[in-house]
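Counting convention: from 1, in listed order, for ligands and their atoms alike.
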Amino acid sequence: MSDNEKKPGEAEREGARQPKGFATRAIHDGQRADPRTGAVNVPLYLTSTFQMDGIEEHRGWEYSRVSNPTRDALEESLASLEGGKSAHVFASGVAATAALCTMMRSGDHVVCSANVYGGTARLLDQVFPRYGITVTYADSSDPAKVAAAIRPETKLVHVETPTNPMMVLTDVRAVAEVAHARGVEVSVDNTFMSPYLQRPLELGADIVMHSTTKFLNGHSDGLGGVLVCSTQEQAERFRFVQKSTGGILSPFEAFLLLRGVKTLAVRMRQHDANGRAVAGFLAERLGAERVFYPGLETHPQHQLAKRQQRGFGSMLSIELGTRERANGFVKRLRLAMLAASLGGVETLVCHPATMTHADMSAEERARMGIGEGLIRISVGLEEVEDVIADLGQALEVAERKQQR
Ligand SMILES: Cc1ncc(COP(=O)(O)O)c(C=O)c1O
């Protein structure tokens, strides 16, 4: 049968099955023109409920906690970008991590990267132990240490790669091998990379998690989190959790995220270019040993970063030695802003010891390498020369103060 002989819509459906490039999927998957009006953007369905035509007769949607067409479009888009079976969005990244933990029951155990976002550690240390779920932190940059931490009751290995803020990498393929050999699932927090730069499911992970607040949204105007699944069983579990615990993403934030995702590929290419340039400048200025960025040849896991990631991204940390120097630096910034988030179009800096990791004890922070002089930088999409000039002048003042 030639294309002309196919039923209406059939040729288009076959076309849609052909593999498409990432940027194309980011713009089109889940984001079809509205069939009723032809609007090229998925409409924002600001409705809590949907009229039914009779008892048990609905048109696909009943109540927005369960599903909403704007959210459905976003979930289809994110599942496509991570190469997953389904995606499930939540009100924040932390809400997504909490939903992930509902796959465990009392008595179960999780092995977590030793160097994760402070809010993840707070959840695992201070919330889930109340329900009998315990955690062991392991240096996941060494798969043997992950293997050693797995117990008979371990249900999940959760890794963040690269970690926030020390930029330590985990070899996802190697960790998945050791975990799967013991019947344990692996989840990866892919927030720092975005699916453009790293796709953990292709490396053997079972579940991907993001704070969509960061690069996926990209404009610092909405919170969100997502779990991307690789099996039907996980998809059913997390759909049930969305409905039952209710911490879902609002239609409005889903709409903003759909818009952000359309430019993910171009944004990440530029973030990567700007990140490399800023890291190079800082390494020259401060010495490479004080700059944590996997794109630097001096980073101990540079080869793994080249193998596992499609680029190095725009997250990096610098060690300024003391709190006084760090404060002098952030106070003198004119373009970059001191703020807790990352992954937006604007350059943001953060002081992990008093911000993202403030809830940890000083000993725990010291164990992770987070001192009072550490500054994390999320390089934005401004002209990189302007970012470098701003960081450069702020460092100059901080350094002068130090010499006095
Ligand atoms: C790596 C990482 N994971 C998870 C989160 C939590 O996300 P949210 O702030 O959207 O709850 C963050 C937030 O900074 C993060 O950096």
Run through all N or O atoms in ligand 1 and write down each protein N or O closer than 3.5 Å, as a pair with its distance.
from: ligand 1; atom 1: 3 (N); to: Asp189; atom 2: OD2; distance (Å): 2.7
from: ligand 1; atom 1: 7 (O); to: Ser211; atom 2: OG; distance (Å): 3.1
from: ligand 1; atom 1: 10 (O); to: Gly93; atom 2: N; distance (Å): 2.9
from: ligand 1; atom 1: 10 (O); to: Ser211; atom 2: OG; distance (Å): 2.8
from: ligand 1; atom 1: 10 (O); to: Thr213; atom 2: OG1; distance (Å): 2.7
from: ligand 1; atom 1: 11 (O); to: Gly93; atom 2: N; distance (Å): 3.0
from: ligand 1; atom 1: 11 (O); to: Val94; atom 2: N; distance (Å): 2.8
from: ligand 1; atom 1: 14 (O); to: Lys214; atom 2: NZ; distance (Å): 3.1
from: ligand 1; atom 1: 16 (O); to: Asn164; atom 2: ND2; distance (Å): 2.9

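Under a 3.5 Å cut-off, the side chain of Arg376 and the backbone N or O of Cys350 do not form any donor-acceptor pair.
Inspection of the Gln234 and Glu185 side chains reveals an N or O donor paired with an N or O acceptor under 3.5 Å. Inspection of the Thr163 and Glu160 side chains reveals no N or O donor paired with an N or O acceptor under 3.5 Å.
Judged as a side chain to side chain contact (heavy atoms under 4.5 Å, CB included), and not counting sequence neighbours, the contacts of Ala279 are Tyr293, Leu296, Leu316. Every residue two or more places apart in sequence or in another chain that forms a side chain to side chain contact (heavy atoms under 4.5 Å, CB included) with His219 is listed here: Asn217, Asp221, Thr263, Arg267, Val345.
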Could you pull out every donor-acceptor pair under 3.5 Å between side chains of residues 103-112 and any protein atom, sequence neighbours left out?
from: Asp108; atom 1: OD1; to: Lys155; atom 2: NZ; distance (Å): 3.4
from: Asp108; atom 1: OD2; to: Arg105; atom 2: N; distance (Å): 2.9
from: His109; atom 1: ND1; to: Thr154; atom 2: OG1; distance (Å): 2.8
from: His109; atom 1: NE2; to: Thr136; atom 2: OG1; distance (Å): 2.6

